[in-house]
A.B. asks: 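Provided herewith is a single structure, encoded as structure tokens, for subsequent inquiry.
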Amino acid sequence: MLLSIADGLGSGMEARFAAEKAVKEIEKNAHCNNPLQLLKESNRTLHGSRGSVVGIAIIDWKHRKIDYAGVGNISCLIITPEKKKHYFISNPGFLNGRKFHAVERSLPFSRGDTIILFSDGIQLPDNWEYIVAGSLSTDIIMKRIVNEMIHVNDDATLIIGKWIHT
């Protein structure tokens, strides 16, 4: 499963255009299952644009892990039902067709774990781990986070996924 957020630099149509180009390139190459390679492909297509920050997580169910690579202020974390937190750190910078530095990292992902991927327009509430690590559905988690988060004057994207016990 591929999860990704692209946030164009600045505001307006140019920012939107850059983010949409990055997303389209990720979708076009999703079969490669390599977040770092997907960042490279997105970077190539953003040459001459304003640029975008991008975070890409790929869940490998068979090997029970998540691979992540990101550039810019996209955050990604995993929390277990016991409230143990694992953070992926995106590299500084942005994609715009020029050379960039990013590293692909892997962390374990097990039944009951939750992944959260979000842009800089999201500031999680102080009690976020108690909201997320419980047995609530992702719909309820999303609503509670949005209702209780600190609101900032920026666009925001939040993705929450939970490996439900089966």
Side-chain angles (χ1 to χ4, degrees), residues 1-10 12-81 84-122 124 132 137-139 141-142 145 154-166:
M1 176 180 285
L2 186 146
L3 307 169
S4 180
I5 293 177
D7 188 2
L9 299 184
M13 289 305 293
E14 289 182 42
R16 179 179 176 176
F17 178 71
E20 287 176 351
K21 277 183 85 168
V23 169
K24 286 178 184 171
E25 194 65 21
I26 291 165
E27 289 173 343
K28 181 175 130 186
N29 293 288
H31 60 275
C32 88
N33 288 327
N34 181 302
L36 189 54
Q37 185 61 39
L38 290 170
L39 282 179
K40 290 176 183 176
E41 295 299 325
S42 292
N43 186 53
R44 181 186 51 75
T45 195
L46 289 172
H47 181 75
S49 74
R50 180 179 285 181
S52 181
V53 296
V54 179
I56 303 169
I58 296 179
I59 301 172
D60 180 339
W61 303 106
K62 181 179 177 184
H63 296 104
R64 297 177 169 240
K65 67 176 184 140
I66 295 178
D67 298 324
Y68 178 82
V71 175
N73 51 8
I74 303 296
S75 300
C76 184
L77 56 95
I78 300 167
I79 186 164
T80 69
K84 182 174 181 183
K85 297 174 279 239
H86 303 280
Y87 294 89
F88 289 105
I89 306 297
S90 292
N91 288 82
F94 56 92
L95 304 180
N96 69 346
R98 296 186 179 127
K99 186 176 179 179
F100 72 96
H101 178 73
V103 177
E104 187 173 298
R105 294 172 179 90
S106 295
L107 287 172
F109 193 63
S110 303
R111 282 187 170 85
D113 290 355
T114 302
I115 182 171
I116 304 173
L117 190 67
F118 56 98
S119 67
D120 64 331
I122 300 286
L124 297 176
V132 174
S137 72
T138 53
D139 288 342
I141 292 170
M142 180 78 70
I145 295 262
D154 195 3
D155 57 339
T157 304
L158 173 64
I159 298 171
I160 299 175
K162 183 177 280 210
W163 187 346
I164 303 295
H165 296 279
T166 54

A.B. asks: Might you work through the side-chain contact (heavy atoms from CB on, under 4.5 Å) test for Lys28 and Thr45, ending with a clear yes or no?
C.D. replies: CA-CA 12 Å; Lys28 181 175 130 186; Thr45 195; over 6 Å; no
A.B. asks: I need the minimum non-hydrogen distance between Gly97 and Asn43, along with the two atoms involved.
C.D. replies: N-OD1, 2.9 Å
A.B. asks: Evaluate the side-chain proximity of Ile78 to Phe88: yes if any heavy-atom separation is below 4.5 Å, no if none is.
C.D. replies: yes
A.B. asks: Of all heavy-atom pairs between Gly93 and Val53, which one has the smallest distance, and what is that distance?
C.D. replies: O-CG1, 3.7 Å
A.B. asks: Does a sphere of radius 6.0 Å around CZ in Phe17 hold more than 12 heavy atoms from other residues, nucleotides or ligands, not counting ones at 6.0 Å or beyond?
C.D. replies: no
A.B. asks: Can you tell me which residue among Leu3, Ile59, Asp113 is in a side chain to side chain contact (heavy atoms under 4.5 Å, CB included) with Ile66?
C.D. replies: Ile59
A.B. asks: Does Ile145 reach the side chain of Ile141, with side-chain heavy atoms less than 4.5 Å apart?
C.D. replies: yes
A.B. asks: If you compare all heavy atoms of Leu39 against all heavy atoms of Gly70, which two are closest, and at what distance to 0.1 Å?
C.D. replies: CD1-N, 3.7 Å
A.B. asks: Using side-chain heavy atoms (C-beta onward) and a distance below 4.5 Å, is Val54 in contact with Val71?
C.D. replies: no
A.B. asks: Could you state the interatomic distance from CD (Glu25) to CD (Glu20), rounded to the nearest 0.5 Å?
C.D. replies: 14.0 Å
A.B. asks: I want to check something: taking the side chain as every heavy atom from C-beta on, are Ile74 and Leu117 in contact at a cut-off of under 4.5 Å?
C.D. replies: yes
A.B. asks: Set out, in order, the CA-CA distance, both residues' side-chain angles and the distance that settles side-chain contact (heavy atoms from CB on, under 4.5 Å) for Phe109 and Trp61, then state yes or no.
C.D. replies: CA-CA 8 Å; Phe109 193 63; Trp61 303 106; 3.9 Å; yes
A.B. asks: Could you tell me if the side chain of Glu104 sits less than 4.5 Å from the side chain of Asn34, heavy atoms only?
C.D. replies: yes
A.B. asks: Do Leu124 and Val132 have side chains that approach each other closer than 4.5 Å (heavy atoms only, starting at C-beta)?
C.D. replies: no
A.B. asks: With the side chain counted from C-beta on, respond yes when Lys85 and Leu77 share a heavy-atom pair under 4.5 Å apart, and no when they do not.
C.D. replies: no
A.B. asks: For residues Gly51 and Ala18, report the shortest heavy-atom separation together with the two atoms involved.
C.D. replies: O-CB, 3.3 Å
A.B. asks: Tell me, please, which residues at least two apart from Arg50 pass salt bridge (Lys or Arg N to Asp or Glu O under 4.0 Å).
C.D. replies: Glu14
A.B. asks: Calculate, to the nearest 0.5 Å, the distance between atoms CG and CG belonging to Leu95 and Leu9 respectively.
C.D. replies: 9.0 Å
A.B. asks: Which pair of non-hydrogen atoms, one from Ala6 and one from Val23, has the smallest distance, and what is that distance?
C.D. replies: CB-CG2, 3.8 Å
A.B. asks: I'd like to know whether Lys24 forms a salt bridge (charged side-chain N to carboxylate O under 4.0 Å, His left out) with Glu27, so could you lay out the CA-CA distance, the side-chain angles of the two residues, the decisive distance to 0.1 Å, and finally the verdict.
C.D. replies: CA-CA 5 Å; Lys24 286 178 184 171; Glu27 289 173 343; over 6 Å; no
A.B. asks: For the residue pair Ser52 and Gly8, what are the closest heavy atoms and their distance?
C.D. replies: OG-N, 3.7 Å
A.B. asks: Would you compute the distance between atom CD1 of Ile116 and atom OG1 of Thr138 and round it to the nearest 0.5 angstrom?
C.D. replies: 11.0 Å
A.B. asks: If you round to the nearest 0.5 Å, how far is CG of Asp60 from CG of Asp67?
C.D. replies: 6.5 Å
A.B. asks: So, taking the atom named CG in Leu46 and the one named CZ in Arg98, what distance separates them when rounded to the nearest 0.5 Å?
C.D. replies: 12.0 Å
A.B. asks: Among pairs that include at least one residue of residues 86-96, which meet side chain to side chain donor-acceptor pair (under 3.5 Å), considering only residues two or more places apart or in two chains?
C.D. replies: Tyr68-Ser90
A.B. asks: Is there a side-chain contact (heavy atoms from CB on, under 4.5 Å) between Arg111 and Arg64? Walk through the geometry before answering.
C.D. replies: CA-CA 9 Å; Arg111 282 187 170 85; Arg64 297 177 169 240; 2.7 Å; yes
A.B. asks: Are more than 12 heavy atoms, taken from residues, nucleotides or ligands other than Arg16, located less than 6.0 Å from that residue's CZ atom?
C.D. replies: no
A.B. asks: Go through the steps to decide whether Thr157 and Asp7 satisfy the test side-chain contact (heavy atoms from CB on, under 4.5 Å), and finish with yes or no.
C.D. replies: CA-CA 9 Å; Thr157 304; Asp7 188 2; over 6 Å; no
A.B. asks: Roughly how far, to the nearest 0.5 Å, is CG of Leu38 from CG of Asn33?
C.D. replies: 8.0 Å
